[in-house]
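What follows is one structure encoded as structure tokens, with my remarks underneath.
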Amino acid sequence: MYAESLIRAFDLAAETIVAASGAVAVLTGAGISVASGIPAFRGSQGLWDRYDPMEYADITNFRRDPEKVWMMLKEMLEVVERAQPNRAHKCLAEFAEKGLLQTIITQNIDGLHQVAGSRKVIEFHGSTRNLSCLKCDWRWPRFKLDETQNMPPLCNQCGAVLKPEVVFFGEQIPRHALLEASAAAEKAKVMLVIGTSANVHPAVEMPILTKKAGGRVIEINLEPTPISGPVADQTILGPADLILPEIMAACEKIIAK
Ligand code: APR
């Protein structure tokens, strides 16, 4: 059973979401996939205890020593391939099915929103599904790791090392993702910001765009973030896989009235 203040917070969030009548966007970060067994980057455990993401997810370091970075990528891909969507991913897919949500902008590269059934997903930081060659641009779509795979994977055309199409530090956000996400953020009457530390640019600018265009921002996180005071109209502290089903239930009650 939740405290009275938390129940009021669920109701307030639900009223805001229902009133936006579908003009709702979501920005997700690593926190939403923690309940699926994928550790978040900052303040982290598991994989990121051994590999500093700031060092390993840097394009200069990848170019300098791709074998070293592929050791981390292989482990990360194994974790991602085992992971299944949790209640939070599924809830967002249900929100969209009920017409309450239009667009998901995700910083995650795990593809779990799509596995949960969400269709309109903008992968702001790319995905692990495809590999591409930094030298000749040859692409290897729907890459799946197996034991027979030589590491690091090499380009069939020119023999250079392949890289997953995820955005490393020092790389640009894919142009179409940036344009689509910015348009969705500006159009949204409400943006839910879920499980992100909100300190990586330009992703953190998405809720700011919503706010500047007159929309409201609702944040769900275990702890306050840099946007909690200045940008978010409401911050609900708690795990996304528990909070989102409560907000969903509160929305359903309002709709049934
Ligand atoms: N529910 C809600 N929030 C959670 C949960 C949970 N179960 N578990 C963790 N969090 C919160 C943490 O409090 C933290 O604020 O999720 C956030 C995770 O933050 P980061 O690890 O920094 O992940 P993210 O914000 O997605 O990182 C942004 O930085 O490393 C780069 O490109 C990478 O996409 C990534 C980007």
Side-chain angles (χ1 to χ4, degrees), residues 2 6 9-10 13 26-62 69 72-73 76-77 79-80 83-92 104-113 121-128 163-174 177-178 181 191-208 217-229 231-232 234-248:
Y2 292 101
L6 206 46
F10 299 149
V26 173
L27 173 67
T28 62
I32 198 169
S33 295
V34 167
S36 296
I38 304 177
F41 299 101
R42 295 171 182 79
S44 65
Q45 353 69 28
L47 189 61
W48 307 117
D49 263 350
R50 278 170 294 124
Y51 300 108
D52 174 2
M54 299 303 158
E55 178 191 348
Y56 278 80
D58 184 294
I59 190 63
T60 311
N61 292 338
F62 182 84
V69 175
M72 174 280 283
L73 287 171
M76 192 190 77
L77 290 174
V79 172
V80 167
Q84 291 300 318
N86 65 60
R87 196 70 201 102
H89 298 105
K90 290 180 189 159
C91 240
L92 292 182
I104 297 176
I105 305 163
T106 188
Q107 296 167 87
N108 300 341
I109 44 97
D110 54 35
L112 290 181
H113 286 300
V121 182
I122 300 171
E123 292 179 313
F124 206 74
H125 290 166
S127 98
T128 54
K163 175 187 163 289
E165 289 182 346
V166 299
V167 178
F168 277 40
F169 288 112
E171 287 189 301
Q172 299 286 323
I173 304 298
L178 185 58
M191 178 173 284
L192 302 178
V193 182
I194 304 167
T196 174
S197 56
N199 51 30
V200 172
H201 288 264
V204 68
E205 278 141 40
M206 299 304 119
I208 296 172
V217 174
I218 302 172
E219 185 185 30
I220 299 168
N221 202 302
L222 292 184
E223 58 192 13
T225 73
I227 66 159
S228 300
V231 181
Q234 189 185 4
T235 294
I236 304 178
L237 297 182
D241 59 313
L242 297 186
I243 301 292
L244 279 170
E246 297 298 332
I247 296 178
M248 165 73 88

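Note that the structure is a prediction, hence the values are computed from the model and not measured. Just so you know, ligand 1 is whichever comes first in the structure, and atom 1 is the first atom listed for that ligand. In what follows, every heavy atom counts, from backbone to side chain, and hydrogens, waters and symmetry copies are set aside.
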Could you measure the distance from the NE2 atom of H201 to the CE atom of M206? Nearest 0.5 Å is fine. 10.5 Å

Just by distance, do the side chain of T225 and the backbone of S197 share a donor-acceptor pair under 3.5 Å? no

H125 and ligand 1 - part of the residue with a heavy-atom distance under 4.0 Å: side chain

Heavy-atom pair with the smallest gap, counting every atom of Q107 and T196: NE2-OG1, 3.0 Å

Examine the proximity of ligand 1 to N221 and report which part, side chain or backbone, both or neither, has a heavy atom under 4.0 Å away. both

Enumerate the atoms of ligand 1 whose separation from the nearest heavy atom of F169 is less than 4.0 angstrom. 30 (O), 31 (C)

Quick one: which ligand 1 atoms are inside 4.0 Å of a heavy atom on T196? 15 (O), 16 (O), 17 (C), 24 (P), 25 (O)

Just heavy atoms, cut-off under 4.0 Å: does L222 contact ligand 1 by side chain, backbone, both, or neither? both

Could you list which atoms of ligand 1 come closer than 4.0 Å to a heavy atom of A30? 23 (O), 24 (P), 26 (O)

Provide the number and element of each atom of ligand 1 under 4.0 Å from a heavy atom of E223. 13 (O)

Looking at ligand 1, is there an atom of it that comes within less than 4.0 Å of some heavy atom belonging to F124? no

Is the shortest distance from a heavy atom of G238 to ligand 1 less than 4.0 Å? yes

Taking atom CD of E219 and atom OG1 of T235, what is their separation to the nearest 0.5 Å? 4.0 Å

I'd like the name of whichever of F41, F168, W48 reaches closest to atom 33 (C) of ligand 1 through any heavy atom. F41

Closest candidate by heavy atom, reference atom 7 (N) of ligand 1, pool A40, P224, P53, G31: G31

Whether H113 and H89 hold their rings parallel, tilted or perpendicular, with breakpoints at 30° and 60°: perpendicular

Heavy-atom contacts with G195 under 4.0 Å: which atoms of ligand 1 show up? List them by number with element. 3 (N), 16 (O), 17 (C), 18 (C)

Pairwise distance CG(L237) to OG(S228) - rounded to 0.5 angstrom: 7.0 Å

Ligand 1 N/O within reach of N199 N/O, cut-off under 3.5 Å: no

Number the atoms of ligand 1 from 1 as they appear, then name those within less than 4.0 Å of a heavy atom of G29, with their elements. 26 (O)

Pick, from S197, A203, A57, A240, the option with the minimum heavy-atom distance to atom 1 (N) of ligand 1. A240

Hits for side chain to side chain donor-acceptor pair (under 3.5 Å) against S127, two or more places apart or cross-chain, chain-then-number order -> none

Residues two or more places apart in sequence or in another chain: which of them pass side chain to side chain donor-acceptor pair (under 3.5 Å) with D110? S33

Quick one: does any side-chain atom of N108 pair with a main-chain N or O of A30 as donor and acceptor, under 3.5 Å? yes

Judged by atom type as modelled, is there a donor-acceptor pair below 3.5 Å linking the side chain of E171 to the main-chain atoms of I59? no

Under 4.0 Å to a heavy atom of V200 - the qualifying atoms of ligand 1, by number: 28 (C), 29 (O), 36 (C)

